[in-house]
Structure formats: C-alpha cells, structure tokens
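Following: one structure in structure tokens, then a few remarks.
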Number of protein chains: 4
Amino acid sequence: MRPGPKPDHSRDAVILDAALEVLAEAGYTGMTVDMVAARAKAGKATVYRRWDSKAQLVLDAIARLDLARPPADQLPDTGSLAGDFRALTVSFGTEDEARRLRVMAGLVSMLADDEGLADRANAAVVEPWVEVNRVLLRRAIARHEISSTTDVETLAWVVPAMATYRVCVQRKPIQTGYVAGLIDTVLLPAVGLTATDPG
Amino acid sequence: MRPGPKPDHSRDAVILDAALEVLAEAGYTGMTVDMVAARAKAGKATVYRRWDSKAQLVLDAIARLDLARPPADQLPDTGSLAGDFRALTVSFGTEDEARRLRVMAGLVSMLADDEGLADRANAAVVEPWVEVNRVLLRRAIARHEISSTTDVETLAWVVPAMATYRVCVQRKPIQTGYVAGLIDTVLLPAVGLTATDPG
Amino acid sequence: MRPGPKPDHSRDAVILDAALEVLAEAGYTGMTVDMVAARAKAGKATVYRRWDSKAQLVLDAIARLDLARPPADQLPDTGSLAGDFRALTVSFGTEDEARRLRVMAGLVSMLADDEGLADRANAAVVEPWVEVNRVLLRRAIARHEISSTTDVETLAWVVPAMATYRVCVQRKPIQTGYVAGLIDTVLLPAVGLTATDPG
Amino acid sequence: MRPGPKPDHSRDAVILDAALEVLAEAGYTGMTVDMVAARAKAGKATVYRRWDSKAQLVLDAIARLDLARPPADQLPDTGSLAGDFRALTVSFGTEDEARRLRVMAGLVSMLADDEGLADRANAAVVEPWVEVNRVLLRRAIARHEISSTTDVETLAWVVPAMATYRVCVQRKPIQTGYVAGLIDTVLLPAVGLTATDPG
DNA sequence: CGATAAACGAGACGGTACGTCGCGTCTTCTG
DNA sequence: CAGAAGACGCGACGTACCGTCTCGTTTATCG
C-alpha cells in the first residue's frame, strides 16, 4: 500500500461535532470556520482539506444528527395509529431531539445558498421523521385501521413540515404537547380517526 | 419651512424593487447592498439612511409583495368551505405568486440571523395567508358547516406552513394542484368534511 | 468633478509610517500587514486598496526615508574633499540616519523576491548617498584637488556599498568612526590624497 | 551495535543540490521545502531530520558552493600585488562563480530573519574571498611592496563587499572586467600603487 | 535466518500570514 | 442641504507554507 498516513478520520468526527456545537450556539451565520477549528483543536487547513467550504462542512455535520435516531425497524407498535404517534412524541422531550432542532434552526440560513444543499439538509433532518410516519401509516392501512386509499405521502409530511416551520421560522421550541396537538387536531381527523384520550 | 429638498420618498420604491429583483436572482446571501444600490442608481448611504441593515431592507422589500394580494374583506364567498378554499388556490398559478415564493425562498437565509426578524418575515409573507384561512374557517363555523370546537388556529396554519416548507426547504414550486391536494387530503378531512369534486 | 471622497492620502502617510516602524522593529519577514494596519488604525482592505502586496507597501514606505535627507544642493562645502566627506559623516550619528539603516537592514529580506524591487530599494536608500558623493568628487575635480581622470562613478559607490554590506550582511551598526575610517583608509588614498587629521 | 540502517548520507548531497537548484531558480522566499524534497525525491521529514529549518538547510547548501574554490594555500604568486589580484579575477568569468553569485543573490532574503544566520552566510560565501585578499595583502607587506601600516582588514573587504552589493542589491552580474576595474581604480591606488597594464 | 529497529517516501496535521470581499459608517462633492 | 459616489474600519473567507508527526516500507544489524 502507498505509504504515509491516511486522513485521520477520527479528526472528522471531532471537527463535525465542534461544528454542530457552534452551529447550535451561534447559527450558520454566526459560526466561523476558525471557531470550529479552534474548538476541535484543528488547523483551518485540516478543515478545508476535507470540506470545500463552510457550507459543505455544515452539511456533513448535520448528517451526523441522525446517528442517534432509532432505526425505522424499532418503532413503537401499540396496535393503534393514535397510540403509535403518541409514543413517538415522547422523543421530543429528549435533549437529543432538542439539540437536533436547535441545529436545524441554525441551519436555515444556508438553505438558499446552494442548489441541492437544501435537499441534503432536508434528507438528513426531516426526511427520517417522515419515513417513520410513512411506516406507521402503512401499518395502520395493513391492519385496516384506516382506508387503503389514504394519501400516505402527503399525510406523512404534515407534522414534520409544520414542526420544522415552527422551529425555523417562528423559532419556538417543539414540545411534546405541540406535536400531540397536531396529531389530534390534524393528522388523526384527516385519516378519519377521532383523537381519543390516551388514558 | 427649512430649506433644501425633502427626503425623496420616491426613491424608496425604486430601492425596494431593486432589492426584490436581486433577492429573487441571487438569494439573501448572494445579494449585496452594493448591488441593490447600483441597480437603483442610489448611493449606499441612501439605503442605510432609510433602513438599519440589509435585513431590514429585505423585510420592507418583501412587504411590498403583498400589495397585490386581495384584502381580507374581498375574499371569495362560495357558500362552502371547500369552494372558498378552492377559489383561493387559483392565485397560485399566477406569475405574481410565483415571484412571491421565489423571494420567500431566497429570504430564508436571514431568518436565523436576528431575533425578531423572522417574526416580521413571517408576519409579512405567511401570516396574511393564515389570516385568510382563519376568516374562511370562522365563516364555516358561523354557518354551522363545521364544528364550533374546530381548532381554527392550528388548522389555519396547515396549508401555509406546508407550502412554505415545500418552497423553502424542498425548493419545489407551488402550483394550484399541490395546494388543492393539501386541502382535499388534509384540511377538509381534518374538519370533518369530504373533498368533493368541484364540478 | 466626480462626487465622493478622494482616497484619503493622509492615511497613506500614517500607514507608511506604521510600516516603517514595524519594519525597523521586526524586519520584513516579521512584519505582518495586520500589524501595520492595526498600528495605523486602518483596515487591511485600506492597505490593499493602495498597494498590491506587502512588498509594494514596503517599497513605498522606504521611499519616505529620503524626505528628511538634506537636498543635494545644501551640501557641506569646506574647500577640501577630506573636509567635505568628514562633514558628511556627522549625519551618521543622528537618530534619523540610524533609523534609515535599521529599516534598510530589515528590508534586505525582500530584495530577491521581485525583479525590479531591489532597484527601487537601492534607488531610495543608497543612491541618494551615492549622488552626494558624486557631487563632492566632481567639485574636487573642478577645483583641481584631484585628477580629472578620477573614476567618479566607481569611487562614489565605495563607501555606500561597504556601509550597506556592513549593515545588511554583517548586521553591525554604522557609526561615524566606521565611515571616517573608510574615507581615510580607502577613499582618500584612492584619489591620491592623504588622510589628514581634521584638527 | 543497535540494529537498523545508518542515516544514508548520500541523501544529504542530493538534497543540498536540489536546494541549490531551487534557490538559484526561485530565490529564498520562492523556495519551499516541499519543492526541495520533491526534487530530491526525499520526504520532508528526511530533510528536517538533518536540518532544523529551511534557513539551516540553505546555509549548508551554500557551503557546498565553496567546495570548488581554490584553497588559500594555492593562491597565485606572481610577485606583485597587482598581478596576484589580477590572477584572481579570472575566476569571475567562470560559470561556476556565476552560479555561486546567483545563489548568493537568492540568499539575501534570509539574512535578516535570524540572528547569526547572516554571520554564517557571510562566513561561507564572502569571508573566504576576504581571507584570500588578506593573504595577498600581507604578502605584499612582507615583500615591502606596500606600507607595513596598511589597514589590511579594511582593504581586504573592499572588493568583496562592493561585488556582493552589486550582485545582491543591484542584481547585476559580476564579470572579470568589473572586478578588475575595482582593483585598478580603488584597491591599488588605496595602497599607494598605480594600476599598470598587465601586458 | 528470522526478529527488530532505524531510516525512508509520502503526506496529514496545527499554526499563522496572505490577499479578497461584504457590511455598515463616514466623507466629499454636485445639483 | 439631500443624495450619488465611494473610501474607510472591521472581520470572515479560503489558500499556501512551515515544521511536526504518523503511517507503511525497506534495509541493515543482532540473536
């Protein structure tokens, strides 16, 4: 094999985590590459050797946010769509999800800058949530809880899109109650179910 | 009266229009105040005499987008909620609305930079649309078409929030069909109505 | 005339003086453009608006060193070549000339970097001294003190070149005694005169 | 003895020659250690294992320039100071000496950077020449050709200092004629001799 | 003759200066 | 005296080089 050190990929993680920290604290505009490099105890050249620009760095950083997410095959299965959704909302009280959303809010600044970057941001942060909703909806169809003609694709986006709007534009935090409200008021009625008290 | 010319407020409109043009072409980040001043054949000081910052300038600029919007008291009144909403959707095929949304997409970049600017952006671009929905929903309640316990506040946000998400994050255009789909699939079912063919 | 502020040439002098200070303290390599800008309370962009590079800045800076030099038409005229030269050496004890030479020493680093820059440095710092020597030698020829076949061009360079070598390469200070020694030991014998005690 | 290969000192010469090449082509500032290592097909670590810094590397490199110089005990001995000096000047037409001076010119950049490096550069490049002159002058004193009170130390520096100035600051080549002119016009008259036609 | 340790080519790394560009302020001249 | 033109202070961006360190490979000595 060619001699010489491979790129030290353990530095990648350190730099990306530093980027996420700064991003959550200062937002995309307030974050400087020097800040990230300093926090990661890395040289600026090391950052730019791996990523072409600040924007690319941030994109890779946000991709790390999903590493801690539960995989789609370990979803709650309560037997009812309402119960499944309600079980999911619990995660919005965790510090982990709060961080994810703070980052998403800081990240909005860059969405318009580069064609395709927004796609990747969307794919990294929101799409996984949508996918979970798709699975839950399809399971409800499979057990004949809701109509087989339900527009899964549209409905799976309702809560993630509205929550993202709240975080990014209105800049309000997302708490369990807010998501639960959307589910009871919009999602369940839209699929023909009545919101019932979980007790 | 003191001598000398009054502030030439006709310049305001020229500068704001120049700002909108640049904003639609280059996005918030790509737009520079020098570009705007040059296009308006104005000095940069003239811009800063009227607006404290680039962000404030853009906020005022986007407020002009609403000038062409129908005022809330000239809303369609078809007698049914479904008809009213459907009548609204026609505006989304116009070039005017398309421009509004291109600007909104370019505008996302600035939301995270300054506390409160996002509020104003929200108020200028999305809130009027929400207000229209509130009026239509309340009229439907008044004529007992939908339940008086309907959560107007939440439901009025469903379509604007999802459309904004689509434009700003997914960067897809909003056409009449997309909005109509949201109304038929999400909004009407959520208030207990069935989407019916307009014909 | 075209409106707008002219480049504020009073800033030029401030920046150039700051450059000379830093140059004398740290040498060309140790001098940074940020240091110069900070000391001049100027922005780095202001420096680069006037000079293409650090090297060009330094070149203009050293050109200022001559502003304080006595013009060639106010040279000492003691009636003898030995007396004229001896009168000139007095200036080498002044703080002004000491600074000039500290700068020259700091400046050596850049001579090889760009074709032609060395010429300008030479012209600014050493050539004026050579010109003074030429005048003194020609006057001595005119009054038949020395031979009319004297090689003025070569001899005028002897003391400046050796002094420059001492400062730049050997990095020793130039004092009155050193220059006087060169005159008595090299220059006056070379033109056929005997060094005589000035008393 | 401990196992493992000894340092391969054949690499030293390759690296130093590469350094001289780059130095002559690009000057001290334009030369990078990576360039030298690449040209020598050596790793940068191999360079830094032997020399503490770029400056030390260059100093050792220029020391190699003297390997071809005649040792001080094989000096010309023509019986007259003028003849001895004139015999020395022939070397300045050689390609070997021309290269030495090109390197010296490129080397000036580093003189101001580190206290003591200039001394070593001076010792390596100019001092040997001065030493030759000292020997010739002392021999002339010994055979009563010139005064025993001659200031050998100062006069031995005249030609090397002026030639160095010409190469480093004025960046003109040194040819046989230039050195011969200095000898006839400055050095010989300064010691009380008349330049005589060598024929 | 196989283990070991040094030296090597390659090149990633932390650090620092360079030169560019945009923001928001301030100054000069013109109508 | 308002306004265009644009220079200014500030600070972030992305690039290049220095000197250090770390890989895998080769090579010479030792057990």
Side-chain angles (χ1 to χ4, degrees), chain A residues 1-9 11 29-35 37-38 40-55, chain B residues 2-8 11 29-35 37-38 40-49 51-57, chain C residues 1-9 11 29-35 37-38 40-55, chain D residues 1-9 11 29-35 37-38 40-55 57:
Chain A
M1 190 201 283
R2 162 173 74 58
K6 306 301 151 289
D8 179 357
H9 287 293
R11 306 302 294 132
T29 305
M31 155 185 160
T32 74
V33 177
D34 283 285
M35 280 184 205
K41 294 195 187 309
K44 202 159 44 143
T46 300
V47 176
Y48 279 101
R49 196 174 300 117
R50 289 169 166 70
W51 297 281
D52 286 345
S53 66
K54 177 181 166 182
Chain B
R2 61 171 167 57
K6 312 295 155 294
D8 180 359
R11 307 298 296 130
T29 304
M31 156 186 161
T32 73
V33 178
D34 286 279
M35 283 183 203
K41 295 201 184 308
K44 209 161 36 141
T46 303
V47 176
Y48 280 101
R49 197 173 300 120
W51 296 279
D52 286 346
S53 67
K54 174 181 168 181
Q56 295 283 354
L57 165 64
Chain C
M1 190 202 282
R2 154 173 84 55
K6 305 301 152 289
D8 178 357
H9 288 295
R11 306 302 293 133
T29 304
M31 156 185 160
T32 74
V33 177
D34 284 285
M35 280 183 204
K41 296 197 185 308
K44 202 159 45 143
T46 299
V47 176
Y48 279 101
R49 195 174 300 118
R50 289 169 165 70
W51 296 280
D52 286 345
S53 66
K54 177 181 167 182
Chain D
M1 190 199 284
R2 63 174 166 51
K6 307 295 156 289
D8 178 0
H9 286 293
R11 307 300 295 128
T29 304
M31 155 185 161
T32 73
V33 177
D34 285 278
M35 283 183 203
K41 294 199 184 308
K44 210 160 39 141
T46 302
V47 175
Y48 279 100
R49 198 174 297 120
R50 289 167 166 73
W51 296 279
D52 286 345
S53 67
K54 175 180 166 181
L57 165 65

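Within every chain, numbering begins at 1; the chains are lettered A, B, ... in the order of the sequence lines, protein sequences first and strands thereafter.
In plain terms, the two heavy atoms of Arg50(A) and Asp8(A) that are nearest each other are NH2-O, 2.9 Å. Scanning all heavy atoms of the two residues, the minimum distance from Thr29(C) to Lys54(C) falls at O-NZ, 3.8 Å. Summarising the geometry of Val33(A) relative to Lys44(A), their closest heavy-atom pair is CG1-CG, 3.7 Å, with the distance given to 0.1 Å. The two atoms that bring Met31(B) and Met35(B) nearest to each other are CA-SD, 4.3 Å, heavy atoms only.
When distances run from any side-chain atom of Pro7(D) to the nucleotides dC8(F), dA7(E), dA12(E), the shortest one goes to dA7(E).
When rounded to the nearest whole Å, the span between CG of Asp8(A) and C1' of dG24(F) equals 16 Å. The distance between atom CG of Leu57(D) and atom P of dC18(F), rounded to the nearest whole Å, is 11 Å.
For Arg11(D), there are no side-chain hydrogen bond (donor to acceptor under 3.5 Å, both in side chains) partners at least two apart in sequence or on another chain.
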- Task: Spell out protein contact along nucleotides 20-25 of chain E as letters: B when the base is contacted, S when just the sugar-phosphate is, - when no protein heavy atom is under 4.0 Å; keep the 5' to 3' order.
- Result: BBSSBB

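Projected onto DNA chain F by closest heavy-atom contact, Thr46(B) and Lys41(C) fall at different nucleotides, the more 5' of which corresponds to Thr46(B).
Contact between the side-chain N/O atoms of Arg50(C) and the OP1/OP2 oxygens of dC8(F) is found at a separation under 4.0 Å. The side chain of Arg11(D) places an N or O atom within less than 4.0 Å of a non-bridging phosphate oxygen (OP1 or OP2) of dG9(E).
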